[in-house]
> 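My questions will all concern the structure given below.
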Amino acid sequence: MDLFLNKNWNKVTPCLVLLALEVLLEFSECATQAEVNKHLELGRDFLARGQLSDALTHYHAAVEGDPHNYLTYFKRGTVYYALGKAKFALQDFSKVLEMKADFTAARLHRANVYLKLAQYREAKEDYLQVTYSEPYNEEAISLYHRMDGLSEELQLAEAYYRGRDFAAAAELASRLLEASPWAANLRQLRAECYIALNDLFSAVSDIRSVNRLQQDSTDGYHRLATLLYQLGHVSDALKEIRECLKLDPEHKLCFPLYKKLKKVDKLLLDCEEASQNREFVKCVDKAEAVLKVEQEVTLVVFEARKWLCSCHAKEEQYSEAILECGRALELQRDAGVLCSRGDAWLGLGEFDDAIRSYKEALDIDEGLQRAKDGISRAQKLQKQSEQRDYYKILGVKRTANKQEITKAYRKAAQKWHPDNFQGDEKKLAEKKFIDIAAAKEVLTDPEKRAVFDAGGDPLDPEAGRQQHGFNAPFGHFHHGSPFQFKFHFN
């Protein structure tokens with residue numbers, strides 16, 4: 001009996017194992033289908049709320065869970081379409097039509113993707129297939145009849161470009177892009193036209209779009225970085241070339257350009273920082289270093305010369321400033337450079353030239369307050385030039401601090417002390433000594449100095465400021481000086 005059971009059990013066991021496996025598989029499939037349905041439901045909810053990225057995540061999961069369901073591909077394809085991801089939308093709609101060739105909605109969507117990509121022949125074929133299934137589909141019929149015209153215009157735009165009629169080619173490409181905004185080839189064509197027409201800003205915009213549409217294009221990033229550099233946008237160019245190096249760290253064009261851009265960008269940032277810190281000599285050094293690295297890209301050279309113009313002027317190296325400002329203006333008319341040149345002319349006492357330079361700046365930017373203030377200051381200083389210039393009397397720069405002013409005063413006072421002179425020379429010395437003392441009084445008093453710097457004279461009796469002046473005759477001077485001076489006026 002035992003032997004009988006053992007023999008029969010050996011026959012029954014494989015059947016039980018198979019039955020158990022079938023039950024488990026059926027349960028697993030039910031669980032998987034439930035998960036797929038859940039993802040589809042969530043995807044639909046997110047899509048209804050306009051949360052496309054979240055919807056896409058769930059449709060991805062649905063496709064992975066049920067890779068044989070054409071509807072999941074179609075739903076994911078519609079989200080790709082809404083996100084402008086033409087390549088992936090095209091793949092999903094094509095997959096749907098492989099599974100179900102008579103799914104008209106998928107074919108119409110694919111035709112629309114082809115249209116946006118400027119693949120007019122493929123679009124025309126799909127629109128035609130839609131009309132076979134749905135003879136009264138107005139969208140398909142209308143678009144089908146447009147395809148030949150768009151195809152001819154594309155060929156004409158390419159012919160204009162080959163014939164170097166770049167303006168006509170760009171205009172036609174712009175019209176085609178209204179119907180085919182995802183066409184990288186059209187944007188590339190228009191970008192090349194803009195470059196030929198020297199409209200680099202427009203070219204940059206199109207090449208950015210090409211890079212987004214094509215993705216992972218090292219050549220595109222290199223081209224974009226080169227254009228931005230030519231426009232003088234060094235920091236932006238550096239960002240784009242780094243994107244190229246993320247894809248290929250040793251790219252034969254991107255890597256050497258990266259090294260150059262990094263150096264120029266650092267030097268220009270150093271110029272800005274030095275100027276802000278009032279380290280004007282350092283600013284000049286850094287700007288000259290830029291010119292050693294770059295001599296050909298006009299707007300980068302302009303930026304360097306602009307810093308030379310500004311920092312020389314602020315360092316009161318006025319002749320050098322005017323020279324560099326002139327070189328910068330030969331490259332580009334710029335209101336800021338004109339104002340810096342005006343400041344330099346002011347420093348040299350050339351008031352008419354200064355006013356003229358500020359007015360040129362206002363011709364470029366009529367609301368520029370710096371230029372308006374410059375004109376006002378130049379006019380006041382021009383009037384003031386007929387009076388005493390306290391800085392010139394002491395022989396100090398307008399940026400001199402109190403210690404430098406006091407030192408200069410002591411030196412001048414010792415030189416022009418009236419007791420050192422006789423006769424007519426003594427009278428001249430007395431006048432100079434009064435001016436020297438007045439200069440010290442004004443320039444070591446912050447309020448009086450501010451009045452003078454604004455173009456006024458705080459010691460001018462006509463300005464009602466006599467109380468701040470000198471009460472002559474006077475005897476002993478003791479203006480913080482180690483010297484004691486004794487003299488009398490007649």
> Could you check whether the SG atoms of Cys311 and Cys283 sit less than 2.5 Å apart, since that is the cutoff I want to apply?
yes
> For Ser217 and Asn211, run side-chain hydrogen bond (donor to acceptor under 3.5 Å, both in side chains): C-alpha distance rounded to whole Å, both residues' side-chain angles, the deciding distance at 0.1 Å, then the answer.
CA-CA 6 Å; Ser217 171; Asn211 287 351; 4.5 Å; no
> Return yes if a side-chain donor-acceptor contact under 3.5 Å exists between Tyr391 and Asp453, otherwise no.
yes
> Run the side chain to side chain contact (heavy atoms under 4.5 Å, CB included) check on Tyr409 and Leu443 step by step: do they pass?
CA-CA 10 Å; Tyr409 159 74; Leu443 298 182; over 6 Å; no
> Could you report the tightest heavy-atom contact between Asp54 and Gln51, atom names first, then the distance?
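Smallest interatomic distance, heavy atoms only, reads OD2-NE2, 3.1 Å.
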> I need the Leu261 CG to Glu240 CD distance, nearest 0.5 Å.
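Between Leu261 CG and Glu240 CD, I get 11.0 Å after rounding to 0.5 Å.
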> Identify the two heavy atoms, one from Arg341 and one from Cys309, that lie closest to each other, and give their separation to 0.1 Å.
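Residues Arg341 and Cys309, closest heavy atoms: N-SG, 4.3 Å.
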> Check whether more than 12 heavy atoms from other residues, nucleotides or ligands sit under 6.0 Å from atom NZ of Lys397, and answer yes or no.
yes
> Mind jotting down which residue pairs meet the salt bridge (charged side-chain N to carboxylate O under 4.0 Å, His left out) criterion with at least one end in residues 139-150? Sequence neighbours excluded, please.
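Listed once each, the pairs are Lys124-Asp148.
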> Do Ser174 and Arg190 have a side chain donor and acceptor closer than 3.5 Å?
yes
> Thinking salt bridges, do Glu125 and Arg110 make one under a 4.0 Å N-O criterion?
no
> Is it true that Lys266 and Asp270 make a salt bridge, defined as a side-chain N closer than 4.0 Å to a carboxylate O?
yes
> Gly342 and Ala354: which non-hydrogen atoms are nearest, and at how many Å?
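Looking at all heavy atoms of both residues, the shortest contact is O-CB, 3.4 Å.
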> Does Arg278 CZ have over 12 foreign heavy atoms under 6.0 Å away?
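Open: at most 12 neighbouring heavy atoms sit under 6.0 Å from CZ of Arg278.
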> Have Asp248 and Thr218 got a donor and an acceptor in their side chains that come within less than 3.5 Å?
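Their side chains do not contain a donor-acceptor pair, so the 3.5 Å distance test is not met.
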> Quick check: Tyr70 with Phe103 (ring centres under 6.0 Å apart)?
yes
> May I ask you to check whether Tyr127 and Tyr144 place their ring centers less than 6.0 Å from one another?
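Ring-ring flag for Tyr127/Tyr144: false, centres at least 6.0 Å apart.
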> Are more than 12 heavy atoms from other residues, nucleotides or ligands located less than 6.0 Å from atom CZ of Arg164?
no
> In chain order, what residues pass the side-chain contact (heavy atoms from CB on, under 4.5 Å) check against Ala408, with sequence neighbours excluded?
Leu394, Val396
> Ignoring hydrogens, what is the shortest heavy-atom contact between Lys262 and Leu238? Give both atom names and the distance.
N-CD1, 3.8 Å
> Can you tell me how far CG of Leu338 sits from OG of Ser357, rounded to the nearest 0.5 angstrom?
4.5 Å
> What I want to find out is whether Arg370 reaches Asp373 closely enough, with some N-O distance under 4.0 Å, to be called a salt bridge.
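Salt bridge: no.
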> For the atom pair NE2 (His145) and CG (Leu150), what is the distance rounded to the nearest 0.5 Å?
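Between atom NE2 of His145 and atom CG of Leu150 there are 13.5 Å.
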> Can you confirm whether more than 12 heavy atoms, excluding those of Lys75, are under 6.0 Å from its NZ atom?
yes
> Which label fits Tyr81 and His109: parallel for a plane angle under 30°, tilted from 30 to 60°, or perpendicular past 60°?
perpendicular
> Just by distance, no angles: are the side chains of Tyr318 and Glu350 close enough, under 3.5 Å, to form a donor-acceptor pair?
no
> Considering non-hydrogen atoms only, spot the tightest contact between Arg377 and Asp343 and give its length.
NH2-OD1, 3.1 Å
> Taking all non-hydrogen atoms of both residues, which atom of Ala86 and which atom of Trp182 are closest, and how far apart?
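Result for this residue pair: CB-CE3, 3.4 Å.
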> Could you grab the distance from atom CG of Leu176 to atom OH of Tyr120, nearest 0.5 Å is fine?
4.5 Å
> Within a reach of under 6.0 Å around CD of Glu250, are more than 12 heavy atoms found that belong to other residues, nucleotides or ligands?
no
> I want to check something: taking the side chain as every heavy atom from C-beta on, are Lys407 and Lys411 in contact at a cut-off of under 4.5 Å?
no
> One thing to verify: whether Glu243 and Lys246 come together as a salt bridge, which I'm taking to mean a side-chain N less than 4.0 angstrom from a carboxylate O.
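Judged by the 4.0 Å cut-off on N to carboxylate O distance, Lys246 and Glu243 do form a salt bridge.
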> For the rings on Phe166 and Tyr194, is their centre-to-centre separation under 6.0 Å?
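When the ring centroids of Phe166 and Tyr194 are compared, they turn out to be at least 6.0 Å apart.
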> Using the rule given for side chain to side chain contact (heavy atoms under 4.5 Å, CB included), can you reason through Tyr258 versus Leu245, listing the C-alpha separation, both sets of side-chain angles and the distance that settles it, and then say yes or no?
CA-CA 9 Å; Tyr258 166 73; Leu245 293 177; 3.5 Å; yes
> For the CD atom on Gln295, are there more than 12 heavy atoms of other groups (residues, nucleotides or ligands in this structure) within a distance under 6.0 Å?
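Yes, the 6.0 Å shell around CD holds more than 12 heavy atoms from other groups.
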> Measure the CZ-CZ distance between Phe93 and Arg107 for me, rounded to the nearest 0.5 Å.
12.5 Å
> Between the side chains of Glu324 and Arg305, is the shortest nitrogen-to-carboxylate-oxygen separation below 4.0 Å, so that they form an ion pair?
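Salt bridge: yes.
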